[in-house]
Structures are given as structure tokens and as C-alpha cells.
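Comments concern the structure below.
Note that this is a predicted model, so its numbers are computed, not measured.
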Amino acid sequence: MSVALNLHQTPHTPHPIPHSLSPALKSRLATPLNIGTVEVHSRVLQSPLSGVTDLVFRRLVRRYAPQSMMYTEMVSAAELHHMRKLPKVMEVDPGERPISIQLFDRRPDFLAEAAKKAADQGADTVDINMGCPVNKITKNGGGSSLLRDPDTAARIIETVSAAVSIPVTAKTRIGWSEDDINAVDFARRLEVAGAQMLTLHGRTRSQGYNGTADWSWIAKVKQALAIPVIANGDIFSVDAAIDCLEQTQADGVMCSRGTLGYPFLVGEIDHFLKTGERRLPPTVIERLRCAQEHLRMLADYKGKSGIRQARKHMAWYAKGFDGAAELRDQLCRIESVEEGCGLLDEAITVISPELYRHSFLKPAIV
């Protein structure tokens, strides 16, 4: 969910894809998304991703989806308890609204303390991670391990909700394993405890990020709850989002791995839901120009560590053209902004001119 993603998996959509939303669903999704007292004018959300959804990445995504809810990287409530200074992952630009800070732990008191700090930082909502499948999180009782401890999960929501005035939400999975799916009962417990929205990833903890998401359980949870339910899992395109929304009748979709090297996705889906029109996707050259900008922004924001972090981002951008594999290998070893931009410039010069249609990227303000 938020850490150690299987980023090299090739996604596929096993469902038939309709060409447009049904009139009834289109009408419902045209209204704002109400998360407790917070009104969001977009039904498409950017998932929290560890090592990815920092301030720089969120700015790129928000350029094309200015009204969408963004999430910080996952923040450890336990580490926050012992820190005198807030970690950089909690840094929120005063102008980037709406924004949610996601927290994880299993102790209600630690999470309540962390939620207060998140609210002070300017978060519009606080999200509790109850779905991360990674062992280092689950072995300590956090993330998706809470699926097997619904009493504690409910106490967390109750305690955090009582500690802050902003809405408290949760992100979880359909169950621990295929033999232990408790999505509906678990979701009901969270709603009764005070959760104002639930995001449901259509995989079990044991699946990790393998196989395909089972959206049918999202549909069952949506039917059972009164609060908004956001569908997550295998949202890699506008068509996938349409298909998921039709099958689940969810109140929105959350994009995760589909935005890696493609910060345009949230905006493409948002634009379609609002207008019924498909935004022209970026060309390969435009994606590589965006990669250069991403690299410069990370270097400005984080210095040398930003350049190291940018390596994986550069590799995600470099796809869809001859020589991409070799370029990815080189980009994963860059030591400077100049080296990375130079490699991308060289690639751009040999890409077929037919790939360059429209240049609509705007410079980001950092």
C-alpha cells in the first residue's frame, strides 16, 4: 500500500471495459466528495506511496489535478513520538489543498498524538494505514495486521477522531488472505467507530501487489456503508477507472502505481469524470522533459539525497521507445543533475519526431 511496492510488475485489467460512465453514475460523481466536513471537488485521489509522494511529486500530480486529494508518504506515529523535529515527509505546502497526512502504528494513543501534529501541519484529513502488507510494518501490529484485530482498529479510529477536529479516514485491504476476507465486517466496524471515509484496495495482504484486484469486494463494502468508499487497485488508465467505478459504484478511485513515472494519470481521470472528454496523453518526449524537471526539483528540494531518489523516478519515466532499457540502466546510476539531464537530452534527440505532438507541460514552482 505505502511501502516496498512491487514496481516492476506489469499490470493488466481482466475486466471488460465500457466506453463511458452510465448516466446515473456520471451524475453522482459530478458532485463534490464530502469527507466529513471537508468538501473535495474531485473524485480521483493520489495514493500515499513511501519514497514517492513527497512535496515534489505531489506538485507534479497537482499540476494536472489541482482539486484532487493528495496524501503524504506514510508517517510512523512511533517515530514521531520520539522526534523533536517533524520529519520532512510531513512537510506540507500551505497552498497545496486538499492534503491528507497518513499515519501508521497500532497504538491508539501514539496515533492520536501524531494526528494532532498532522492537523497542526495543515492536514485537511488524517488517514490511518490499515493495509500495508510489508513485514516490517505488520510484524509490529501496524498496516494490514489490523485486519486481524478489528477491536484495536476500531479503538484507533475512536481515539484519533476524539483527538482532532479534522476528519479521520482509513485505507485498508479486503482481508488478510483469500481464506480470511473480512472486508465488509471490518469496514462496518470502522464506520461505527467514526471513520469518515474508507479507501479499499481490492487485494488481500497475502497477495501483496501480485495478481489482480478483486473489485467485487469493494462493491460489497460500498453497499454496506454510508460513508464514502474509494476504490483502489489496478487503476492504471482512464478506462480502468471507468470500469472500476461501474463495477463497484464506489465514490471515487485512488491511483497508486499507475502514477509512477506518469504524474498525469490522476488529472487524466479527473478530467474525464468532469467533462466526458479524454485529455490528450503526453508524448514520449514530453514525459522525458517532465523527468528532467522532476530531477531538478528533487535536487533543489533534497540535495544529493534527492538525486539518488530521482534515479528510480527517471527509470519509471523512460519507457515506450527504442533504447529505453539501456537508458533506464544508465539513469539508475546518475550522480548529478547534469548527468541525468544529459542522458535524457541524448535520448530525446534520437526519438522519432512523430512522437512529439503537443507540448503542454508547464514549469513547476518550487
Side-chain angles (χ1 to χ4, degrees), residues 1-15 47-53 71 73-74 76-78 102-107 111 127-157 169-191 195 198-225 229-236 240 243-244 247-248 250 253-260:
M1 180 174 287
S2 296
V3 293
L5 300 177
N6 179 7
L7 301 172
H8 302 290
Q9 179 185 336
T10 301
H12 60 95
T13 304
H15 316 286
S47 174
L49 297 168
S50 183
V52 175
T53 53
Y71 289 76
E73 301 172 68
M74 189 170 66
S76 167
Q102 190 188 63
L103 307 171
F104 79 94
D105 201 83
R106 68 177 306 277
R107 289 162 290 191
L111 284 162
D127 190 68
I128 309 299
N129 185 304
M130 298 187 180
C132 180
V134 178
N135 286 334
K136 69 178 182 179
I137 304 299
T138 59
K139 71 180 181 181
N140 293 319
S144 57
S145 66
L146 288 166
L147 284 161
R148 300 196 293 181
D149 189 0
D151 289 340
T152 296
R155 282 199 302 274
I156 287 172
I157 297 296
T169 66
K171 188 172 189 291
T172 189
R173 290 184 170 233
I174 61 175
W176 181 258
S177 67
E178 191 171 330
D179 298 324
D180 187 11
I181 294 179
N182 61 337
V184 175
D185 290 340
F186 188 79
R188 282 176 175 153
R189 290 289 301 273
L190 299 186
E191 181 179 39
L198 179 74
T199 300
L200 187 59
H201 185 150
R203 286 181 173 86
T204 63
R205 186 270 176 179
S206 62
Q207 275 185 277
Y209 299 92
N210 298 313
T212 56
D214 186 348
W215 294 337
S216 68
W217 281 104
I218 302 176
K220 294 172 184 176
V221 169
K222 169 56 188 171
Q223 291 176 346
L225 301 190
V229 173
I230 305 300
N232 179 227
D234 293 350
I235 310 297
F236 291 96
D243 191 22
C244 180
Q247 290 192 34
T248 64
V253 292
M254 178 178 280
C255 301
S256 298
R257 291 175 294 158
T259 60
L260 300 178

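To the nearest 0.5 Å, the span separating CD1 on Ile174 from OG1 on Thr204 amounts to 6.0 Å. Here the CD1-NE2 distance, from Ile230 to His201, works out to 15.0 Å after rounding to the nearest 0.5 Å. In this structure, the separation between OG1 on Thr199 and CZ on Arg173 is 13.0 Å, given to the nearest 0.5 Å. From Gln102, atom CD reaches atom CD of Glu73 across 10.5 Å, with rounding to the nearest 0.5 Å. Remark: Ile137 CD1 to Leu146 CG distance equals 11.0 Å, nearest 0.5 Å. Separating the CG atom in Leu111 from the CD1 atom in Ile128 is a distance of 5.0 Å, to the nearest 0.5 Å.
A 4.5 Å side-chain heavy-atom check between Ser47 and Met254 finds at least one atom pair inside the cut-off. For the pair Ser144/Trp176, a side-chain contact is recorded, criterion being any heavy-atom separation below 4.5 Å from C-beta on. Using a 4.5 Å cut-off on side-chain heavy atoms (C-beta onward), Ser256 and Leu49 make contact. Side-chain contact between Ile218 and Gln247 is absent, with no heavy-atom pair separated by less than 4.5 Å.
Salt-bridge annotation for Arg205 and Asp180: absent, with no side-chain N of the basic residue lying under 4.0 Å from a carboxylate O of the acidic one.
Under the salt bridge (Lys or Arg N to Asp or Glu O under 4.0 Å) criterion, Arg107 pairs with Asp105, not counting sequence neighbours.
The nearest pair of heavy atoms linking Ile157 to Ala170 is CD1-CB, 4.4 Å. The two atoms that bring Gln207 and Thr212 nearest to each other are NE2-O, 3.4 Å, heavy atoms only. Considering every non-hydrogen atom in both Asn140 and Arg106, the closest pair reads O-CD, 3.0 Å. Taking every heavy atom of both residues into account, Ala231 and Thr248 meet most closely at CB-OG1, 4.3 Å. The two residues Asp151 and Arg189 come nearest to each other via the heavy atoms OD1-NH2, 2.7 Å. Between Leu200 and Trp217, the closest heavy-atom pair is CD2-O, 4.0 Å.
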Which atom pairs, donor and acceptor, lie under 3.5 Å between side-chain atoms of residues 181-188 and protein residues at least two apart or in another chain?
unit_1: Asn182; atom_1: ND2; unit_2: Leu147; atom_2: O; d: 2.9

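Phe104 pairs in a side chain to side chain contact (heavy atoms under 4.5 Å, CB included) with only one of the listed residues (Met130, Met74, Lys171), which is Met74.
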